[in-house]
Amino acid sequence: MASSFGPRPLFPTDSSAPSHALPSLDTVTLIDGLLHCTQHTKQVCLECNADYSTHNFLTRQLTANRGALPPPNPQLAQAIQKLKTEGNDHFRAQCHFEAAQKYTEAINVAAQRPLWDSAQNSMEEMAVLMSNRAACLLELGHPAEAYWDTEVVTRLKRGWSKGHFRMGRALMGMGRCGLAAGEFQIGSQLDPEAKEMRAAVDSVQMLV
């Protein structure tokens, strides 16, 4: 079904255009180059739990742009940035629970970016949001939950020292000091000038 951010617009079809059943998908019919549910011939159908609006939007955009992908949705970007800024404000005010909520909302909206948006930008955006949420979870005393966020962060944004630093902190909170030392060492190698990283390396070495 349509995402909570809303479906793409529907497009009129030529009433004289032929319809074509798709052999491998008996629930989908192609009308005037657009996907519809076969039973009700709708692009968005609540009865069939089907939403082809994003696919049809891309089809029309590619046709209009002669094959060029549509630009990123500015409304989506603005919504993500607004939620992220609100999260940052809450974090600075040490309202960590409220900050985590805002980062989670931003993550949910960012997950709705269409597949044709820049994968690199989308991954970096998601990595920052999840890293911020991990920082909140650490402050709230939930190192295991923070660890799983940082697992994703270090995969999405490789070579980012902050991801390894926060993973190290999460591991420390879970009592896994040996593994934490390894993450702090990686972070220190990636950013030798980071004072908090050097301090973390020194402190964890006393516990290993």
Side-chain angles (χ1 to χ4, degrees), residues 1-12 33-35 42-46 49-140 142 145-167 170 190-191 194:
M1 284 306 299
S3 65
S4 60
F5 200 76
R8 293 287 180 174
L10 304 182
F11 294 92
L34 302 177
L35 299 180
K42 293 180 179 179
Q43 296 175 46
V44 177
C45 182
L46 294 175
N49 193 32
D51 183 354
Y52 305 115
S53 60
T54 298
H55 182 282
N56 292 339
F57 172 81
L58 181 57
T59 298
R60 284 291 190 256
Q61 284 287 321
L62 288 172
T63 302
N65 296 345
R66 298 181 180 180
L69 291 173
N73 183 344
Q75 186 180 5
L76 197 64
Q78 290 167 8
I80 295 167
Q81 184 58 49
K82 179 176 182 293
L83 290 166
K84 179 185 174 185
T85 299
E86 291 174 356
N88 292 345
D89 291 342
H90 282 307
F91 191 86
R92 280 192 289 268
Q94 298 188 6
C95 300
H96 301 120
F97 180 80
E98 291 78 4
Q101 287 184 313
K102 289 300 178 181
Y103 292 136
T104 299
E105 290 179 44
I107 288 167
N108 291 337
V109 176
Q112 298 173 31
R113 282 195 178 277
L115 295 177
W116 56 82
D117 277 7
S118 166
Q120 183 65 34
N121 291 344
S122 296
M123 288 192 298
E124 289 196 6
E125 177 180 71
M126 187 66 76
V128 170
L129 293 171
M130 295 191 75
S131 176
N132 288 356
R133 185 171 69 178
C136 296
L137 292 169
L138 288 168
E139 295 295 333
L140 291 168
H142 300 298
E145 290 84 348
Y147 172 79
W148 289 116
D149 270 3
T150 59
E151 268 281 0
V152 177
V153 170
T154 54
R155 293 171 187 269
L156 290 177
K157 194 172 181 181
R158 297 182 184 277
W160 190 35
S161 64
K162 185 174 288 187
H164 292 281
F165 173 70
R166 287 185 174 156
M167 179 179 281
L190 292 169
D191 188 1

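Across H55 and L35, no two heavy atoms sit closer than the pair ND1-CD1, 3.5 Å. Closest approach of S53 and V44 over heavy atoms only: CB-CG2, 3.9 Å. Residues A106 and I80 come closest through the heavy atom pair CB-O, 4.1 Å. Nearest heavy-atom pair across Y52 and K42 is CD1-O, 4.2 Å. Summarising the geometry of A134 relative to T150, their closest heavy-atom pair is CB-CG2, 3.8 Å, with the distance given to 0.1 Å. Heavy atoms only, all atoms of each residue included: Y103 and R133 are closest at CD1-N, 3.9 Å.
Note that CG of L156 is 7.5 Å distant from CE of M130, once rounded to the nearest 0.5 Å. Atom CD of Q101 and atom NE2 of H96 lie 13.5 Å apart (nearest 0.5 Å). Annotation: the span from K84 atom NZ to N88 atom CG amounts to 6.5 Å, rounded to 0.5 Å. To the nearest 0.5 Å, atoms CD (E145) and CG (L138) are separated by 10.0 Å.
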TODO: Dump the intermediate steps for salt bridge (Lys or Arg N to Asp or Glu O under 4.0 Å) on K82 and E86, then the final yes or no.
DONE: CA-CA 6 Å; K82 179 176 182 293; E86 291 174 356; 2.6 Å; yes
Task: Test log, rule side-chain contact (heavy atoms from CB on, under 4.5 Å), inputs D191 and F165 - done: CA-CA 10 Å; D191 188 1; F165 173 70; over 6 Å; no
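Two residues are said to be in side-chain contact when any heavy atoms from C-beta on lie closer than 4.5 Å; C136 and F91 meet this criterion. Residues D149 and R166 are not in side-chain contact: their nearest non-hydrogen atoms beyond the backbone lie 4.5 Å or more apart. K102 is listed as a side-chain neighbour of H90, based on a closest heavy-atom distance under 4.5 Å.
Residues Q120 and E124 have side chains that bring a donor and an acceptor to within less than 3.5 angstrom of each other.
Ion pairing between R155 and E151 holds under the 4.0 Å rule for side-chain N and carboxylate O. Taking 4.0 Å as the cut-off between side-chain N and carboxylate O, E125 and R113 count as a salt-bridged pair.
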